Amino acid sequence: MTNARITLVRDFTLGEVPRRLFGSFVEHMGRCVYTGIFEPGHPEADEKGFRQDVLKLVKELGPTVVRYPGGNFVSGYNWEDGVGPVDKRPRRLDGAWHTVESNAFGLHEFVDWSRLAGTEIMEAVNLGTRGVDAARELVEYSNHPGGTYLSDLRKQNGSAEPFDIKLWCLGNELDGPWQIGHKTAHEYGRLAQEAGKAMRFVDPDIELVAVGSSHSSMPTFGEWEHTVLTHAYDEVDYVSLHAYYQEDDGDVKSFLATAVDMDYFIESVVSTVDAVRAAGKHSKHVNLSFDEWNVWYQRGLDTDDQPHNVSKGWREHPRLIEDAYNVTDAIVVGTLLNSLLRHGDRVKIANQAQLVNVIAPIRSEENGPAWRQSIFWPFARMAELARGQILRASVDSDKYESAKFGDVDVVDVSATWDEDNGRVALFVANRGLDESADVDVSLSGFVCGRVSRAEVLRVPNGKDRFATNTLESGEQVGLSPLAGVTVTGSRLRFTLPALCWAVIEVEVTRA
Ligand code: AHR
């Protein structure tokens with residue numbers, strides 16, 4: 001049996017939960033848009049072609065903000081191709097994913113879909129093949145009320161009211177040699193500065209995200225952020241981070257400890273950003289936008305499913321990277337969300353990549369059903385329950401040894417306190433493969449009442465940690481009640497089964 005003691009103190013908080021931490025991402029890639037959120041003619045599609053079965057699952061998942069339209073795709077995209085009468089929109093080659101883009105879905109469709117989904121839009125501009133002009137024109141088209149060529153064009157195209165998009169990404173992964181329009185940090189830093197300035201001349205109220213590193217293992221990591229921000233610090237509000245993780249060669253212990261890498265990545269970027277702030281004598285703080293993160297099995301998959309599969313020719317919305325997630329992946333996703341929440345004082349936006357089909361919590365089949373993957377559950381529960389203040393957690397846990405990260409806490413946790421509804425929520429993982437964990441939580445400054453939620457995601461009966469939710473298997477991985485949570489005064493005790501992720505929510509009053 002593993003033991004962990006967690007101490008939470010009512011007034012020891014990290015600040016308000018940034019609700020934009022529970023963001024997602026829709027890219028024109030594979031089947032995320034086409035046959036994902038949008039499939040005219042599907043029995044569940046509405047008159048605009050939006051799949052209502054998928055939309056229902058999106059609402060249940062609860063993303064607060066959705067990044068669009070890419071991703072690598074945006075670095076070769078002309079936003080003008082996706083507006084105006086659908087039958088006049090050009091079909092184009094998308095070099096990023098070696099596919100044909102029909103442009104049947106574009107900006108207006110995404111705005112309409114976002115309104116139905118109740119999600120904020122995070123729009124990326126193309127700073128790969130395009131630049132300042134296309135970026136500022138897209139802001140004018142989207143946000144200017146009217147009386148100019150571009151804002152009137154938006155009206156003519158069916159939207160009298162401005163879209164009022166607040167959050168803008170200044171390109172995507174331009175540090176990566178795979179990116180169309182890959183740049184050096186100096187080239188990108190200057191471009192981001194000038195594009196950001198021109199976009200703000202059109203709408204001073206927008207928030208801007210500069211491209212950071214595509215992964216902490218990039219050779220330019222650190223130097224890239226430093227150089228880019230040295231140029232663009234005054235213009236931008238956030239710098240981005242991207243990270244994808246997978247289980248390598250059966251090293252499950254390191255995989256389960258992946259959040260240690262995310263912690264390192266975030267803390268390193270915070271240090272770099274703050275060093276530029278000090279050196280430049282800036283008063284404002286630039287925060288972090290972790291706008292692509294997830295588990296993604298980039299190696300070892302059937303090549304048919306891989307991006308850039310040139311041998312297959314130019315296809316329209318082929319199946320690309322439709323990873324089937326297992327129990328272990330869901331637990332890792334829960335700990336990654338814990339890492340994001342524990343850094344909520346600086347990470348203000350995060351987007352799980354992606355929303356449907358492409359490395360996604362939701363899957364759908366063309367002309368067929370939609371369903372939840374295992375990773376759906378930690379996201380859905382945290383998006384629902386992580387509200388109010390982030391509580392700093394002091395954790396005294398037994399440890400295990402991992403090849404990549406050394407000694408790691410077996411029990412991983414994050415916690416929030418919502419004073420409005422009088423509840424503390426704990427999101428907790430047992431990374432132990434074989435042993436259950438006894439967890440003792442002290443909630444100093446609170447008197448605990450009823451346990452309002454106690455659920456666990458674990459290996460289903462008769463299955464192993466590789467169990468997945470597929471079209472054939474159905475949803476075999478999900479949440480079940482966690483029995484035996486006891487409350488005494490300001491103490492909470494429970495036992496977590498081996499290899500699980502759990503949520504426990506308790507009603508509290510001030511002591
Ligand atoms: O999410 C899939 C891809 O991963 C995105 O297009 C790109 O930004 C990243 O490399």
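Residues: numbered from 1 along the sequence shown. All ligand and atom numbering here is 1-based and tracks the order in the structure. These figures come from a predicted structure and were not determined experimentally.
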Query raised in the report: Does F73 have a non-hydrogen atom less than 4.0 Å from ligand 1?
Result: no
How close does the nearest protein non-hydrogen atom get to [atom], and which residue and atom is it?
atom                   : answer
atom 2 (C) of ligand 1 : Q354 NE2, 3.5 Å
atom 7 (C) of ligand 1 : N72 OD1, 3.2 Å
atom 6 (O) of ligand 1 : E27 OE1, 2.6 Å

Report task. Give a yes or no on whether a salt bridge exists between D412 and R431, defined as a side-chain N under 4.0 angstrom from a carboxylate O. Result ->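 A salt bridge is present here (some side-chain N lies under 4.0 Å from a carboxylate O).
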**Report entry** Ion pair R381/E455, N-O distance below 4.0 Å
**Finding:**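 Salt bridge: yes.
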Query - Intermediate values then yes/no, ring pair (Phe, Tyr, Trp, His ring centres under 6.0 Å), F163 and H108 - result: CA-CA 9 Å; F163 298 146; H108 286 256; 5.0 Å; yes
Query raised in the report: Are Y188 and W224 close enough that their ring centres sit under 6.0 Å apart?
Result: yes
Requested in this report: Determine, using ring centers only, whether F265 and F221 are less than 6.0 Å apart.
Outcome: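 Ring-ring flag for F221/F265: true, centres closer than 6.0 Å.
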Query - Side chain, backbone, both or neither: the part of W293 lying under 4.0 Å from ligand 1 by heavy atom - result: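 Looking at W293 and ligand 1, no heavy atom falls under 4.0 Å.
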Report task. For ligand 1, note which part of Y244 has a heavy atom under 4.0 Å away: side chain, backbone, both or neither. Result ->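 Side chain only; the backbone of Y244 stays clear of ligand 1.
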**Report entry** Residue F25 vicinity, atoms of ligand 1 by number, heavy atom under 4.0 Å
**Finding:**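 Counting from 1, the qualifying ligand atoms are 1 (O).
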Query raised in the report: Numbering the atoms of ligand 1 from 1, which are under 4.0 Å from a heavy atom of E173?
Result: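 Ligand 1 atoms under the 4.0 Å threshold to E173: 7 (C), 8 (O), 9 (C), 10 (O).
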**Report entry** Residues Y68, H28; criterion ring pair (Phe, Tyr, Trp, His ring centres under 6.0 Å); working and verdict
**Finding:** CA-CA 8 Å; Y68 175 84; H28 282 250; 5.4 Å; yes
Query raised in the report: More than 12 non-hydrogen atoms from neighbouring residues, nucleotides or ligands closer than 6.0 Å to NZ on K253, yes or no?
Result: no
Report task. Return yes or no for this condition: an N or O of N172 is under 3.5 Å from an N or O of ligand 1. Result -> yes
Requested in this report: Could you tell me whether some N/O pair between E292 and ligand 1 is separated by less than 3.5 angstrom?
Outcome: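 Yes: some nitrogen or oxygen of E292 is under 3.5 Å from one in ligand 1.
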